[in-house]
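The block underneath contains the structure these notes are about, expressed in structure tokens.
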There are 2 protein chains.
Amino acid sequence: MPSRSLSQLDRALRGLRSLVLSGEYVGGQRLSEVAMAAQLGLSRTPLRQAMDRLVAEGLLERIETGGCRVASFTKDDISDAIEMRGVIEGTAARLAAERGVDAALLAQAGAILDRIDQALAAPDGLDFDRYVTQNAAFHDLLAKFPNSPIVAREIQRMSLLPLASPSAFLSDQAMIPDFQESLRYAQRQHRAILEAVTAGEGARAEALTREHARLALINFNHLNKSRPMLTRNVPGLALVASD
Amino acid sequence: MPSRSLSQLDRALRGLRSLVLSGEYVGGQRLSEVAMAAQLGLSRTPLRQAMDRLVAEGLLERIETGGCRVASFTKDDISDAIEMRGVIEGTAARLAAERGVDAALLAQAGAILDRIDQALAAPDGLDFDRYVTQNAAFHDLLAKFPNSPIVAREIQRMSLLPLASPSAFLSDQAMIPDFQESLRYAQRQHRAILEAVTAGEGARAEALTREHARLALINFNHLNKSRPMLTRNVPGLALVASD
DNA sequence: TTTTGTAATATTGTATACAATTCTGGATTG
DNA sequence: CAATCCAGAATTGTATACAATATTACAAAA
């Protein structure tokens, strides 16, 4: 049976995370546990578990006197989060290059990049959904290259911060100028990363992967210029102070 | 009143973490919540909160069918954790160099390094306690250099993994050959890191900091050679499979 | 008018009770 | 003898009740 009945904790996590990212509760006000539990239709126990977890993820922050509030991020925070993801993914790429990667994984990565190429060569210029899916798959796979649970964990963790994940800015292409060109550039970087890893070129793999992450930074900056109208569309953007 | 009465959750966290690190519950067996709660003298509620947190830290791992067990680490895991700490601390150093650091912080760091020098020049050859304290202070301060909550958080998080913190191997000097010499080498690296940061030399600061972390790796390898007798003395070492 | 104290209220932190699973052991069957 | 199934026991997941703490509103005093 593939569809296990979701636990209350899972429901609380999904519901709470989505509510928080929507920006509805932004403003530093304390989240009321009873109200939230009622809204989500569960008891305080799993809700509090979910809150603890979101605090650990950084989406919520504790209030000294009790309870928690939605965290708020500066633009610099997002910038740092993206940089950190690049650093950690870059480390994965470097370690992979230095230690070698299972041939099956490399082949799998190559196949993913082929599919991205196909997405970029679609009849109407771009199969966007396919690009998004396969891009996420490539990054997931890269995290597994070094065969290190520690490294994989840290990558996954960084990707939880709002707007720091490799797919964070792929839902809002419309607002990003020359965005198809940007996707093609990103794909060339993908190829170069895989090539460097395969060739055992650690420094190159690391540098390329860092630079690749910085595409997200560019997109973030574009996004900020047409901010107000997007705040409600881009999940997590509402948590970024407009300063 | 400086001594606030500890919350039950705090007590649960301390007690559970110390029990887990002691290695008493190693072996993949599920931790019984009722037994553990009884042993710590509190109810299941704060204990379960503490367990959730230790799972997030990586000290415990969930069991699919419910509950959790003490995590077990390979030597490679420890090695990777140390490497990752080096990478992240290295990023802090690089960013600090690139962005500039508040003069007061730099002065404070210099003062700490002076005190480490004093500890190394003590009458009986070494004021060990002072070295440990000031070394930890230097690393804490370095984490604050880039003035980035995101970076600071990640450093703190990596330091929670067993044997990955900057002070992890400073309690067991006895077993490490030439350990005084090793401390002096580490202190030279401290100086060089601070110099690079001050001079805005990002690449140098990053490389030095990474290399500095690898001292921990050397110590870990030494430790592994005289393993059995130390397993009970070094907190966290019991979680590392002897393979 | 502002500040301070205080009681009432509301909210979180903790313990316990209940429900739903999972685990164990042994009997049964092939 | 091995594998399977089932009941009973034990354990976790969830809800609720209770206790401790923080917040609020209002009154009194400077």
Side-chain angles (χ1 to χ4, degrees), chain A residues 1-20 24-72 239, chain B residues 1-20 24-72 239:
Chain A
M1 249 169 289
S3 92
R4 293 185 54 82
S5 83
L6 241 46
S7 71
Q8 295 295 74
L9 172 57
D10 285 334
R11 271 187 273 271
L13 272 171
R14 290 179 192 229
L16 185 58
R17 191 179 282 123
S18 127
L19 278 176
V20 167
E24 189 170 352
Y25 291 94
V26 89
Q29 212 64 17
R30 174 165 64 191
L31 302 187
S32 162
E33 295 181 359
V34 287
M36 191 66 77
Q39 175 164 3
L40 295 176
L42 28 80
S43 81
R44 281 177 60 214
T45 306
L47 173 67
R48 281 169 61 85
Q49 279 183 275
M51 286 174 126
D52 284 347
R53 189 119 137 218
L54 292 204
V55 167
E57 288 181 11
L59 244 53
L60 297 180
E61 57 189 25
R62 284 251 109 72
I63 301 175
E64 293 67 18
T65 65
C68 41
R69 66 167 76 94
V70 174
S72 102
L239 309 194
Chain B
M1 246 168 294
S3 90
R4 293 185 53 84
S5 81
L6 243 45
S7 72
Q8 295 294 74
L9 170 57
D10 285 333
R11 270 188 274 270
L13 273 171
R14 290 178 193 227
L16 185 57
R17 190 180 282 123
S18 127
L19 277 176
V20 168
E24 189 169 352
Y25 292 94
V26 90
Q29 211 65 15
R30 175 165 65 189
L31 301 187
S32 163
E33 295 181 1
V34 287
M36 191 65 77
Q39 176 165 2
L40 295 175
L42 29 80
S43 81
R44 280 176 60 214
T45 305
L47 173 67
R48 281 170 61 86
Q49 279 183 273
M51 286 172 125
D52 283 346
R53 187 117 139 221
L54 292 204
V55 167
E57 289 181 11
L59 245 53
L60 297 180
E61 56 188 27
R62 286 247 110 74
I63 302 175
E64 325 306 334
T65 66
C68 43
R69 65 168 78 94
V70 174
S72 102
L239 309 194

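On a predicted model such as this, the values are computed, not experimentally measured, just so you know. Chain A is the first sequence line, chain B the second, and so forth, proteins listed ahead of strands; every chain is numbered from 1.
- Listed in residue order, the members of residues 49-71 of chain A having a heavy atom less than 4.0 Å from DNA chain D are A/Thr65.
- Residues from residues 24-38 of chain B placing a heavy atom under 4.0 Å of any atom in DNA chain D, listed by number, are B/Arg30, B/Leu31, B/Ser32, B/Glu33.
- Proximity of a side-chain donor or acceptor of A/Arg11 to a complementary backbone N or O of A/Leu6 within less than 3.5 Å is detected.
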N/O donor-acceptor pairs under 3.5 Å from side chains in residues 49-56 of chain B, not counting sequence neighbours:
from    : atom 1 : to      : atom 2 : distance (Å)
B/Gln49 : NE2    : A/Asp52 : OD2    : 3.3
B/Asp52 : OD1    : B/Arg62 : NH2    : 3.1
B/Asp52 : OD2    : A/Gln49 : NE2    : 3.3

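- If you measure from atom CZ of B/Arg11 to atom P of D/dA20, you get 13 Å, rounded to the nearest angstrom.
- Considering only heavy atoms from C-beta on, A/Leu42 stays 4.5 Å or farther from A/Leu9 through its side chain.
- To the nearest 0.5 angstrom, B/Ser7 atom OG is 8.0 Å from B/Leu13 atom CG.
- With the nearest nucleotide of DNA chain D identified for both A/Gln8 and A/Arg44, A/Gln8 has the one nearer the 5' end.
- Across the protein-nucleic acid pair, B/Leu42 atom CG and C/dT16 atom P stand 11 Å apart, rounded to whole Å.
- Minimum interatomic distance between B/Val70 and B/Leu31 (heavy atoms only, all atoms of both residues): CG2-CD2, 4.2 Å.
- Atom CG of A/Leu13 and atom C1' of D/dG13 are 14 Å apart (whole Å).
- Within 6.0 Å of CD in A/Gln29 there are 12 or fewer heavy atoms belonging to other residues, nucleotides or ligands.
- A sub-4.0 Å separation between OP1 or OP2 of C/dA15 and a side-chain N or O of B/Ser43 is present.
- The side chain of B/Arg48 contributes an N or O atom lying less than 4.0 Å from OP1 or OP2 of D/dG13.
- Summarising the geometry, atom CZ belonging to B/Arg30 is positioned 10.0 Å from atom CZ belonging to B/Arg69; distances are rounded to the nearest 0.5 Å.
- Considering only heavy atoms from C-beta on, A/Met36 comes within 4.5 Å of A/Tyr25 through its side chain.
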